[in-house]
Amino acid sequence: MTGAHMNRWTRRSFLGALGAGALLSGAPMVARGAAKGRVVIVGGGFGGAIAARYVGMADPAIEVTIIERSPQYFTCPFSNKVVAGIMELDALRYDLKAHAARGVRVAYDDVVAIDPAKRSVATAGGKQFAYDRLILAPGVELDYAAVEGATAGVETVMPHAWKAGEQTLLLRKQIEAMKDGGVFIITVPRRPYRCPPGPYERAALAAHYFKRHKPKSKVIILDDDNTMPKQSLFLESWNKLYPGMIDWVTGNNGGKMERVDIKRRMVITTDADFPADVISFVPPQKAGAIAQKTGLTDVSGWCPVDPVTLESTRHKNIHIVGDAAFTDGVPKSAHIAGAMGRTAARAVVALLQGKTPPSPQYVNTCYTLAAPDYGFSIAGIYEPKGGVIAMVPNSVTVSPTGAPEYMRRTEAEFAYGWLRNIAAEAFL
Amino acid sequence: MHHKVAAFAFCVAAGVAQAADIAGLAATCHSCHGIDGASVGPTMPSIAGQNENYLRHVMIEQKHDQRYSSIMGRLLRTYSDEEIALMARHFAAKPWVPAAVDADMRLVNRGRQVAQKTCQRCHGATGERVAEGTPRLAGQWPGYLVIESMKYTDPTFHRNKPSERMAERVGNLAVEDVQAVAHFLGTRK
């Protein structure tokens with residue numbers, strides 16, 4: 001936190017501590033809040049940060065607050081390159097300073113409770129934030145409780161590396177310390193989960209590392225499912241780049257994980273025990289804990305939303321963006337999180353201005369790297385239809401198989417251009 | 001092509017009421033091409049302030065798979081030509097923001113020489129010229145200019161060459177010359 005933010009928040013927490021913020025925080029603030037509205041955004045990842053950006057662009061008079069746990073953010077996109085030792089984690093580091101410089105109130109704090117009736121958010125730091133509209137972007141909770149044997153500390157032995165940062169570095173360290181001829185396992189949890197092609201990309205980029213440094217090693221994918229996204233593209237790339245190195249064990253063939261054994265460093269599936277030297281255990285996922293606690297989730301573990309405004313169908317005035325939203329077939333990608341951030345921003349601004357929210361389109365773009373110079377992609381368009389967010393017919397497409405080297409290489413280059421632009425949209 | 005342009009002009013006039021929707025539609029481009037189309041990603045082209053005719057023409061070619069693109073053509077196929085025309089108009093009206101690239105004088109000098117021989121006649125001395133179907137190159141991202149040029153020089157690229165004139169002029173350039181000229185043009189303002 002910089003000095004400037006500290007001052008702002010010291011002032012606010014002082015007022016908050018008096019318990020009379022509305023009375024004392026100065027007439028201008030109340031007047032402005034009353035006139036234009038207060039938007040509180042919980043979670044400063046792609047969805048939350050992009051939402052903040054677009055609320056500010058649409059109506060600078062709206063008071064925007066972002067509450068985010070961590071003062072620095074590492075993008076999940078491209079973190080598999082860090083795992084494979086071909087990119088440094090620092091290249092993926094972003095923060096919310098640019099938002100603060102534009103006048104967004106940024107609080108580094110942990111949200112512990114949301115009161116939908118009082119429209120108020122409480123933090124671990126003891127502050128209260130009143131809102132007219134809340135945009136909730138809590139990301140995913142890793143559901144270790146759903147897997148037998150996944151006791152406390154499992155991620156220090158079997159890194160998920162599904163939230164970029166320390167975990168990414170830990171997995172990289174383990175892979176770098178692995179012996180030649182070792183076995184690396186990645187588990188694919190039941191759907192839906194964050195970043196559908198991510199596990200398979202991780203397998204490929206780990207294989208890229210092994211091919212260069214430990215060529216006798218094996219990669220095993222233990223998959224809950226029987227198909228994978230971009231399947232023909234992945235299979236083609238593995239055959240071409242890493243023949244014989246990657247085993248994909250589908251759910252029907254014994255890939256379904258039943259429990260993990262931390263001591264013996266082993267994944268036990270419905271059919272067999274899979275011991276390994278390094279295990280990236282990616283557990284099943286659900287909406288971030290605060291969404292569950294607030295009663296915003298349904299039996300699926302995700303948050304049902306209105307497809308036009310992303311407002312929760314459980315609680316009024318709370319809009320859910322990013323991975324936490326229940327969106328059926330819409331992939332949980334950074335690109336979709338950004339599209340939701342823009343959608344929620346437009347809806348919130350319209351509603352605060354007494355206008356009808358426009359009907360959105362959610363465009364997805366997702367690049368995958370099978371090697372640093374070998375990329376391919378999926379793209380698709382989704383829009384509200386029949387009360388859900390539905391795929392626009394014929395809009396979901398993948399790169400062609402059998403494509404020449406030029407296309408694979410340039411898609412890898414476009415992937416990096418994409419990362420820089422979406423990260424700038426969110427954080428710069 | 002000419003009657004097509006006239007048809008667009010008509011549709012654009014009729015589409016004024018949709019302006020707000022087009023802004024929402026156009027925002028779906030930002031995550032790849034930058035806010036308002038001003039890219040900060042070294043391989044993604046800026047589309048803000050680009051030649052409207054060129055943008056529309058290229059997108060329609062991409063949509064119909066007459067011009068190779070990685071994702072653009074696939075995304076565009078569910079949009080009408082009218083929507084594409086409105087998006088082209090939307091981004092063309094935004095200010096051009098030159099790429100933020102530090103000039104390497106050795107590359108700039110080599111690139112300037114290549115540009116004089118190869119590009120100047122159509123694109124102007126610094127790639128600043130905009131004509132009917134000619135895009136602005138001055139200040140475009142060099143990484144993107146290389147990717148686009150490699151469609152004419154990379155032996156593994158077997159698809160239709162987007163422009164015959166470009167194929168004639170760029171087709172025989174060495175990779176180093178492509179990189180130098182892209183750097184020269186990309187570091188112009």
Side-chain angles (χ1 to χ4, degrees), chain A residues 46 50 53-54 57-58 334-339 341-343 345-346 355 358-367 375-381 383 392-400 403-426 428, chain B residues 18-48 62-63 65 68-79 83 87 97 99-100 141-159:
Chain A
F46 280 107
I50 286 177
R53 191 78 187 265
Y54 283 82
M57 290 197 299
H335 208 88
I336 285 290
R342 285 192 302 269
T343 297
R346 291 215 298 163
K355 295 176 186 162
S359 191
Q361 271 202 333
Y362 304 92
V363 174
N364 185 43
T365 294
C366 161
Y367 291 97
F376 45 80
S377 59
I378 189 165
I381 305 171
E383 62 186 12
V392 172
N394 303 317
S395 74
V396 177
T397 59
V398 294
S399 309
E405 188 259 337
Y406 168 89
M407 292 188 193
R408 298 290 185 243
R409 190 185 70 241
T410 53
E411 285 224 81
E413 290 170 2
F414 282 132
Y416 184 69
W418 166 82
L419 173 73
R420 285 302 180 220
N421 274 321
I422 193 169
E425 187 183 19
L428 300 182
Chain B
Q18 304 170 10
D21 288 356
I22 286 300
L25 191 57
T28 65
C29 311
H30 294 182
S31 295
C32 292
H33 289 283
I35 288 186
D36 287 339
S39 174
V40 298
T43 52
M44 284 293 179
S46 279
I47 53 176
Q62 289 170 332
K63 170 184 164 178
D65 204 23
Y68 170 72
S69 60
S70 64
I71 280 183
M72 280 303 297
R74 285 151 48 196
L75 279 176
L76 285 168
R77 61 193 207 174
T78 62
Y79 294 106
E83 286 170 318
M87 282 192 275
V97 182
W141 283 94
Y144 168 71
L145 293 176
V146 169
I147 288 175
E148 195 58 24
S149 302
M150 294 292 275
K151 285 181 178 172
Y152 305 97
T153 62
D154 189 312
T156 76
F157 184 78
H158 295 304
R159 300 283 295 269

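Model, not experiment: these values are computed from the prediction.
A pairwise comparison of heavy atoms in B/Cys32 and A/Asn421 identifies O-ND2, 2.5 Å as the closest pair. Here the shortest heavy-atom pairing between B/Thr43 and A/Phe414 reads O-CE2, 3.3 Å. Closest non-hydrogen pair, A/His335 versus B/Ser31, comes out as CE1-CB, 3.3 Å. Across all non-hydrogen atoms, the minimal contact from A/Arg420 to B/Gly41 is CB-CA, 3.7 Å.
Neither the backbone nor the side chain of A/Tyr362 comes within less than 4.5 Å of any heavy atom in chain B. Interface remark: A/Pro393 contributes backbone atoms only to the contact with chain B (heavy atom separation under 4.5 Å). When heavy atoms are compared at a cutoff of 4.5 Å, B/Thr78 approaches chain A solely by way of its side chain, counted from C-beta outward. With a 4.5 Å cut-off on non-hydrogen atoms, A/Ala339 does not touch chain B at all.
If you tally non-hydrogen atom pairs under 4.5 Å between each of A/Glu405, A/Gln361, A/Arg342 and chain B, the highest count goes to A/Arg342. Interface summary for chain B: among A/Gly380, A/Pro360, A/Ser377, the most heavy-atom pairs under 4.5 angstrom belong to A/Ser377. Contact count versus chain B (heavy atoms, under 4.5 Å) is highest, among A/Asn364, A/Thr365, A/Leu419, for A/Thr365.
No donor-acceptor contact under 3.5 angstrom links the side chains of B/Arg77 and A/Thr397, judged on distance only.
How far NE2 of B/His33 is from CD of A/Glu425: 12.0 Å, rounded to the nearest 0.5 Å. Between the OG1 atom of B/Thr156 and the CZ atom of A/Arg409 there is a distance of 6.5 Å, given to the nearest 0.5 Å.
Annotation: side chain of B/Arg159 is not in contact with side chain of A/Pro404 (no heavy-atom distance under 4.5 Å). Residues A/Val363 and B/Leu75 are in side-chain contact: their nearest non-hydrogen atoms beyond the backbone lie under 4.5 Å apart. Proximity of B/His30 to A/Ile50: side-chain heavy atoms (C-beta onward) are nowhere separated by under 4.5 Å. Side-chain contact between B/Ser70 and A/Tyr367: present, with at least one pair of heavy atoms (C-beta onward) separated by less than 4.5 Å. At a threshold of 4.5 Å between non-hydrogen side-chain atoms, the residues B/Ile71 and A/Glu411 count as touching.
Between B/Phe157 and A/Tyr406, the ring planes lie perpendicular to each other; the angle is over 60°, past the 30° to 60° tilted range.
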(Q) Set out, in order, the CA-CA distance, both residues' side-chain angles and the distance that settles side-chain contact (heavy atoms from CB on, under 4.5 Å) for A/Glu413 and B/Ile147, then state yes or no. (A) CA-CA 9 Å; A/Glu413 290 170 2; B/Ile147 288 175; 3.2 Å; yes
(Q) Under the criterion side-chain contact (heavy atoms from CB on, under 4.5 Å), I'd like the reasoning laid out for A/Ser399 against B/Arg74: C-alpha separation, chi angles, the key distance, then a yes or no. (A) CA-CA 9 Å; A/Ser399 309; B/Arg74 285 151 48 196; 3.4 Å; yes
